[in-house]
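When reading the values below, keep in mind they use all heavy atoms of this one structure, side chains included, and skip hydrogens, waters and symmetry mates. Quick caveat, the model's predicted, so the values are computed rather than measured. Position 1 is the first residue of the sequence; numbering continues from there.
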Amino acid sequence: MNNKLLKVNIQKKLKEFDLKVDFELEHGRLGILGPSGCGKSMTLKSIAGIIDPDGGVISLTTDEETVYFDSNNKINLKPQIRNVGYLFQNYALFPNMTVEENIAVGLSEDDDGKTVSEMIRRFRLEGLEKRYPRQLSGGQQQRVALARIMAYGPDVILLDEPFSAMDTFLKEQLRIELLNSLKDFDGFSIMVTHDRDEAFQFCDELIVLDQGEIIAKGNTYDIFENPRKVQVARLTGCKNISKIEVMDEYHVKSLDWGVIFEVSEKISPNITHIGIRAHDFSPAEKDDVNVLDTANSIKVEMPFEWEITLENGLWWKCDKQIYDHEFVIPKYLKVNPKNIILLED
């Protein structure tokens with residue numbers, strides 16, 4: 001029976017807005033997705049004890065409850081005793097320490113070296129023990145930083161945009177390495193990111209943060225499939241979003257594209273926009289449902305997809321092979337009513 005629970009309910013007044021975050025995590029990996037400056041890193045730093053919220057409670061229950069922070073009861077544990085590992089963007093390795101010395105930093109003096117040896121083996125760092133950070137690749141530095149965190153057995157691991165400064169190739173490689181490194185971790189992990197692909201790949205549960213407030217939370221797949229709000233749809237990568245006029249319970253007129261669409265779900269009064277993901281169009285016949293004329297479209301070739309912009313501004317992404325350089329745009333496109341996302345502003 002899993003009796004673990006991380007509770008975070010905090011408030012902090014910032015210059016641009018008030019941060020108000022309230023969530024509970026029972027298992028798995030949580031993502032906090034949002035644009036730069038929305039309060040993501042401030043949330044992590046509050047959990048770690050690096051900064052103090054103005055009010056609220058942060059607690060962790062494993063076999064018993066440990067309160068990290070409680071403004072009413074004036075509890076505020078120091079970062080060193082929270083047993084929280086924080087993976088910074090640049091990994092924050094000590095440049096004048098070797099790999100094994102970096103890993104041993106958080107261990108007690110009477111540790112016999114077995115922990116460091118185990119971490120060296122677990123994170124595939126054999127042969128690198130005497131090297132300094134400057135002599136390591138980005139992936140090796142990440143593994144050393146994770147090994148240092150794991151060496152003292154944290155209850156929570158916090159990942160602060162760990163791939164933000166990397167090129168695409170290295171980023172893909174390190175995402176996979178990070179997932180493999182954490183697959184046997186029995187505690188909680190939280191990643192903050194502005195990258196929808198990282199959130200989708202890494203996180204079981206997802207929080208979407210905007211201007212200091214949670215605008216969506218739940219299962220990651222569910223949020224991507226049904227974002228419900230305009231800003232959530234944008235952050236999860238929906239390229240086509242339009243204001244609407246409701247025609248009847250199952251038909252709307254797009255005010256940006258000038259098209260009437262049939263939808264599969266009854267339209268509630270709070271729906272103000274629709275969204276269509278760029279991959280959800282397909283070739284059509286003239287008399288199909290939700291048909292679009294592709295006359296005067298603009299075609300752009302990318303390595304693995306064609307990007308087609310219709311005359312009315314709608315954007316279609318069509319997959320292609322790297323060696324395919326010819327593509328005839330079909331005369332008509334359609335979108336299935338179930339793939340039109342109903343959104344609140």
Side-chain angles (χ1 to χ4, degrees), residues 1-9 21 23-33 40 43-50 57-69 77-88 91-92 100 102-108 111-126 139 141-163 174-193 198-207 217-221:
M1 180 178 176
N2 183 6
N3 59 353
K4 295 183 177 181
L5 182 66
L6 176 66
K7 290 185 181 180
V8 178
N9 184 352
V21 175
F23 67 86
E24 295 184 358
L25 184 61
E26 294 183 4
H27 56 81
R29 298 184 295 264
L30 173 71
I32 303 179
L33 176 68
K40 303 187 303 292
T43 301
L44 283 200
K45 289 172 181 175
S46 298
I47 297 170
I50 297 170
V57 176
I58 303 170
S59 68
L60 174 71
T61 301
T62 51
D63 294 324
E64 58 185 32
E65 185 179 38
T66 301
V67 178
Y68 291 165
F69 177 83
L77 298 187
K78 293 181 179 179
Q80 300 91 318
I81 57 176
R82 292 194 184 199
N83 206 28
V84 171
Y86 200 116
L87 186 66
F88 293 90
Y91 308 133
E100 59 188 2
N102 265 285
I103 294 172
V105 161
L107 301 176
S108 62
D111 188 89
D112 60 5
K114 287 183 179 179
T115 302
V116 173
S117 297
E118 167 61 19
M119 292 300 110
I120 293 287
R121 183 197 62 77
R122 178 174 170 184
F123 288 93
R124 309 189 318 280
L125 295 166
E126 296 95 336
Q141 289 183 35
Q142 184 193 74
R143 295 204 301 273
V144 174
L146 278 170
R148 182 175 64 185
I149 290 169
M150 293 294 202
Y152 59 85
D155 295 310
V156 183
I157 294 177
L158 306 175
L159 306 159
D160 191 356
E161 304 244 24
F163 313 115
L174 295 191
R175 280 182 193 163
I176 295 168
E177 287 200 12
L178 181 61
L179 281 167
N180 287 334
S181 298
L182 293 178
K183 66 183 178 182
D184 297 324
F185 179 56
D186 192 37
F188 298 102
S189 57
I190 303 176
M191 173 190 280
V192 302
T193 182
E198 285 175 13
F200 190 87
Q201 183 178 20
F202 182 84
C203 307
D204 305 309
E205 298 289 317
L206 188 63
I207 285 171
K217 60 180 173 181
N219 176 274
T220 299
Y221 293 164

Ile190 vs Leu6, side-chain contact (heavy atoms from CB on, under 4.5 Å): CA-CA, chis, key distance, verdict: CA-CA 11 Å; Ile190 303 176; Leu6 176 66; 3.8 Å; yes
Residue pair Leu107 / Ala151: nearest heavy atoms and the distance that separates them: CD2-O, 3.5 Å
Distance in Å, Ser189 OG paired with Asp204 CG, rounded so as to fall on 0.5 Å steps: 8.0 Å
Glu126 atom CD, over 12 foreign heavy atoms within 6.0 Å: yes
Partners meeting salt bridge (Lys or Arg N to Asp or Glu O under 4.0 Å) with Glu205 (sequence neighbours left out): none
Minimum-distance pair of heavy atoms, taken over all atoms of Phe188 and Leu5: CZ-N, 3.6 Å
Residue pair Asp160, Tyr86: steps toward the side-chain contact (heavy atoms from CB on, under 4.5 Å) verdict: CA-CA 8 Å; Asp160 191 356; Tyr86 200 116; 2.9 Å; yes
Nearest heavy-atom neighbours spanning Ala199 and Leu206: CB-CD1, 3.9 Å
Asp155 with Lys4: basic N within carboxylate O range, under 4.0 Å: no
Any donor-acceptor pair under 3.5 Å from Arg82 side chain to Ile47 backbone: yes
Close side-chain approach of Leu60 to Val84, heavy-atom, < 4.5 Å: no
Residues Glu65, Lys7: salt bridge by 4.0 Å N-O rule: no
Verdict with reasoning, Ile207 to Thr43, per side-chain contact (heavy atoms from CB on, under 4.5 Å): CA-CA 12 Å; Ile207 285 171; Thr43 301; over 6 Å; no
Minimum heavy-atom distance between Gly49 and Pro79, given as atom pair plus value: O-CG, 3.3 Å
Reported CZ-to-CD1 distance for the pair Phe88 and Ile50, which is rounded to 0.5 angstrom: 4.0 Å
side-chain contact (heavy atoms from CB on, under 4.5 Å) involving Lys114 - partner list, sequence neighbours excluded: Asp112
Contact summary for Tyr91 and Arg148, nearest pair of heavy atoms: O-NH2, 3.2 Å
Distance (rounded to the nearest 0.5 Å) between Ile157 CD1 and Asn83 CG: 10.0 Å
Close side-chain approach of Leu33 to Thr193, heavy-atom, < 4.5 Å: yes
Contact summary for Arg143 and Phe123, nearest pair of heavy atoms: NE-O, 2.8 Å
Pair Met119-Met150, side-chain contact (heavy atoms from CB on, under 4.5 Å): steps then yes or no: CA-CA 8 Å; Met119 292 300 110; Met150 293 294 202; 3.8 Å; yes
Option passing side-chain contact (heavy atoms from CB on, under 4.5 Å) with Val8 (candidates Val57, Leu25, Ile58, Leu30): Ile58
Under 3.5 Å donor-acceptor, Asn102 side chain and Ala145 backbone: no
Donor-acceptor contact below 3.5 Å, side chain Thr220 vs main chain Cys203: yes
